[in-house]
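Structure first, commentary second.
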Amino acid sequence: MNSTTAPMVAPAVADDDGRFAIQCEVLRLSIRPIGPVLLAQYLLNCGVAALFAWQYSLSRALVWISLITVVTVMRGFFPQRLPDPFTPQSLRDAQRTHTARTGIWELAHGLAGVLLFNPGQPEQQLLLGLMLMGMTLSSAFSVSFYVPATQLAITLLLAPVIVTGLWLGAPAMKAVALIGIGLTAMMWKLVAEHSRQLEENIGLRLNERSLREQALAGLRASEQAQAERLRFFSAANHDLRQPVMAIGLQAEVLRQQLDNGADAPVVQHTVASLARAQQALEGLTNQLLEIGRIEAAADPLQPVAVPLAPLLADLARQAGNGRVTVRCPADAVGWADAVSLRRVLANLVDNAVKFTPRGRVLLAVRARQRDTGRAWRVEVRDSGIGIAADSQERVFGDFEQIGNVERNLQRGHGLGLAIVRRLAAQLGIQVSLRSAPGRGSVFGFELPAAPADAPVAAPAPAAQPRSGAAQPRSGAAHALRPGLAVLVVEDNTVVADSLSALLQQWQLAPRVYASAAEALALADLRALDVALCDIRLPGALDGIALAERLQRQKPSLAIALVSAEIGEATQRLAAERGWHALRKPVQPAELHAVLVQAQQAASGR
């Protein structure tokens with residue numbers, strides 16, 4: 001690459017980086033081609049050589065113009081090549097090379113003060129001295145913008161005539177030589193000041209360019225993010241409408257079947273279809289909410305020591321059917337946020353089970369030794385359908401599924417690995433994937449080992465049965481005592497009516513109120529057996545505050561918090577207070593189990 005191409009430099013975004021970028025730009029300006037100027041200087045030098053060849057010595061003039069010719073050819077046809085990109089070391093090397101080349105160039109011109117100095121002619125001495133001083137004044141700011149190189153050039157241009165004038169010159173020439181010393185000092189100061197101003201201007205220009213590039217990059221990122229959001233919400237809208245449409249159609253079918261007196265098996269089939277659509281809608285809603293919480297950083301990370309063996313064993317147990325096995329050293333303790341790590345592994349296990357129709361899933365942990373210390377390699381291996389190489393990056397995208405082209409909602413929505421990608425980015429881990437079609441997949445990542453004195457993560461609250469939980473059999477409702485008094489505090493009329501209808505179907509006695517204040521003022525607490533409290537309630541008291549007051553007034557009352565925002569912290573609080581925590585949408589089986597437990601606890605007292 002020739003010197004006319006600007007080397008890549010970093011934008012001036014910090015003091016050190018900005019200084020480095022300015023120095024690179026100064027050097028680039030200093031070695032830029034100056035063909036017309038170089039030609040004009042050479043012709044002037046030829047005129048000077050001709051003048052002194054006529055007035056003084058042809059041979060000396062030829063020697064001097066020969067030197068000028070050599071350095072002019074060197075500068076014009078063999079320019080300095082700059083490294084691309086610059087590094088601190090290559091910049092220093094390039095500056096030294098430039099200084100040496102500049103010194104050679106100006107020394108050749110300065111030798112006129114020796115070769116063309118006529119000891120016997122004071123007039124020619126003065127003419128030569130004034131000409132060299134004029135050269136200095138005219139070319140000092142064009143020979144280079146690098147201060148050491150320019151100061152060396154001024155010194156080498158004037159020093160020969162100053163020394164020769166003081167040694168061999170007439171009295172008038174000696175006076176001119178002394179003036180030359182003052183001129184050298186003055187030019188050194190002017191060069192330094194000029195260079196400082198130039199560097200300030202370059203810094204401003206580089207900062208302006210950096211800001212412009214940052215603005216353009218921000219605009220491009222914003223446009224890309226907007227396109228990604230549009231694609232995300234378009235896909236979410238599509239997948240949300242599917243179960244909603246199915247629920248609407250199945251509800252109409254059920255209404256007509258009931259109007260026409262359809263047989264019980266036919267009605268039960270329609271109800272089962274309704275339940276499946278509701279489960280699909282719940283699953284997608286939960287995943288969308290989880291993505292929203294991750295991107296909003298609603299759950300700050302709290303790294304702790306996480307024992308991996310019990311965590312993996314619990315995930316394997318929840319997967320059910322004995323299809324997931326664990327191979328983990330007993331002393332494997334990772335350093336991570338316990339909640340986020342569990343969510344990463346749970347999604348990977350769910351993905352592996354979902355796309356492994358036959359065979360097993362293995363959760364494996366192995367020790368690794370890294371430069372930063374000991375680490376644990378965690379892998380989720382399956383023998384499922386596998387993923388082609390050209391699709392392995394895509395599976396971590398939103399609403400991307402390989403092997404589910406028919407978009408079967410019972411096999412998920414393609415958000416599990418997208419959640420894994422977001423959580424992994426928060427945790428600072430890199431999830432790798434090895435896979436081949438028909439040969440299964442291996443998802444893995446490394447966790448740093450926990451320090452020996454690190455606090456150990458508290459055991460996770462017991463997982464609530466989710467959308468796949470079995471509905472209670474019709475006979476199971478009879479396990480509840482008819483007339484069991486249930487307080488329902490729910491401000492959403494549709495939800496409140498639905499809960500009341502289900503409780504009445506189970507022959508229970510619901511007392512429904514829309515706010516905590518209304519419940520505390522109107523409900524007969526002595527007659528209540530169970531309280532179902534929504535957390536978000538109108539008024540000054542929320543569901544948690546209501547539950548605390550109810551517990552103080554009637555310690556034996558069974559209490560369940562009901563909310564769409566049940567998280568790890570709420571589950572811990574409920575476990576500490578002896579309450580239940582039900583996440584909306586609550587499945588009938590979950591509600592039924594809580595009521596049975598409350599009834600059994602009341603019977604044992």
Side-chain angles (χ1 to χ4, degrees), residues 1-38 75 79-99 101-102 139-151 190-235 291-292 294-297 393-394 396-398 418 421-422 424-426 428 430:
M1 181 176 294
N2 58 37
S3 61
T4 62
T5 302
M8 296 189 301
V9 298
V13 296
D15 291 343
D16 292 341
D17 292 342
R19 180 63 182 167
F20 175 74
I22 291 172
Q23 290 178 343
C24 293
E25 185 68 10
V26 167
L27 185 59
R28 185 188 68 80
L29 291 173
S30 297
I31 58 92
R32 74 192 190 287
I34 51 172
V37 175
L38 204 62
R75 189 170 186 182
Q80 181 180 355
R81 296 179 180 273
L82 296 181
D84 189 7
F86 272 121
T87 65
Q89 182 59 46
S90 65
L91 174 62
R92 287 191 292 270
D93 293 341
Q95 287 172 335
R96 284 193 288 267
T97 301
H98 172 67
T99 302
R101 288 169 60 94
T102 303
S139 65
F141 299 106
S142 63
V143 66
S144 176
F145 297 102
Y146 179 50
V147 173
T150 307
Q151 291 177 339
L190 288 176
V191 164
E193 180 63 22
H194 180 266
S195 176
R196 185 186 63 80
Q197 294 176 355
L198 176 65
E199 289 182 0
E200 288 179 356
N201 292 334
I202 292 175
L204 291 173
R205 180 162 54 85
L206 290 178
N207 281 328
E208 180 183 355
R209 184 174 69 185
S210 175
L211 291 174
R212 184 168 59 251
E213 291 174 351
Q214 290 176 10
L216 290 174
L219 179 61
R220 287 192 294 268
S222 177
E223 291 174 346
Q224 182 179 358
Q226 183 69 17
E228 285 295 320
R229 281 194 294 270
L230 181 61
R231 190 187 73 83
F232 178 88
F233 286 115
S234 176
I291 287 176
I294 294 171
E295 295 193 342
E393 183 68 24
R394 188 160 56 90
F396 289 96
D398 299 326
R421 170 173 57 84
R422 288 173 167 86
Q426 282 191 346
Q430 181 70 38

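Because only heavy atoms are used, hydrogens play no part in the values below, and waters and symmetry mates are left out as well, while side chains stay in. Model, not experiment: these values are computed from the prediction.
In this structure, Gln89 CD and Asp93 CG are separated by 4.5 Å, a value rounded to the nearest 0.5 Å. Separation of atoms CZ (Arg28) and NE2 (His98) is listed at 13.0 Å; rounding is to 0.5 Å.
At distances below 3.5 Å, not a single donor-acceptor pair connects side-chain atoms of Glu199 with backbone N or O atoms of Ile22. At least one donor-acceptor pair under 3.5 Å links the side chain of Ser30 to the backbone N or O of Val26.
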Practice item. Show the numbers, then the answer: is there a side-chain contact (heavy atoms from CB on, under 4.5 Å) between Arg205 and Ile202? Key: CA-CA 5 Å; Arg205 180 162 54 85; Ile202 292 175; 4.0 Å; yes
Review point. Are Phe86 and Leu27 close enough, and set up right, to give a side-chain contact (heavy atoms from CB on, under 4.5 Å), and what steps lead you there?
Key: CA-CA 11 Å; Phe86 272 121; Leu27 185 59; 4.2 Å; yes
Review point. Yes or no on salt bridge (charged side-chain N to carboxylate O under 4.0 Å, His left out) for Glu193 and Arg196, after CA distance, side-chain angles and deciding distance?
Key: CA-CA 5 Å; Glu193 180 63 22; Arg196 185 186 63 80; 2.5 Å; yes
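Enclosure of atom CD in Gln430 is not indicated, since only 12 or fewer non-hydrogen atoms of other residues, nucleotides or ligands lie within 6.0 angstrom.
Between Ala149 and Thr102 the shortest heavy-atom distance is O-CG2, 3.7 Å. The shortest heavy-atom contact between Ala192 and Val147 is CA-CG2, 4.5 Å.
Between His194 and Val191 there is no side-chain heavy-atom pair separated by less than 4.5 Å. Side-chain atoms of Phe145 and Glu25, non-hydrogen and from C-beta on, never get closer than 4.5 Å to each other.
Between Arg92 and Gln95, the side chains place no donor N or O within less than 3.5 Å of an acceptor N or O (distance only, hydrogens not considered).
The only member of Leu29, Thr99, Ile31 that meets side-chain contact (heavy atoms from CB on, under 4.5 Å) when paired with Tyr146 is Thr99.
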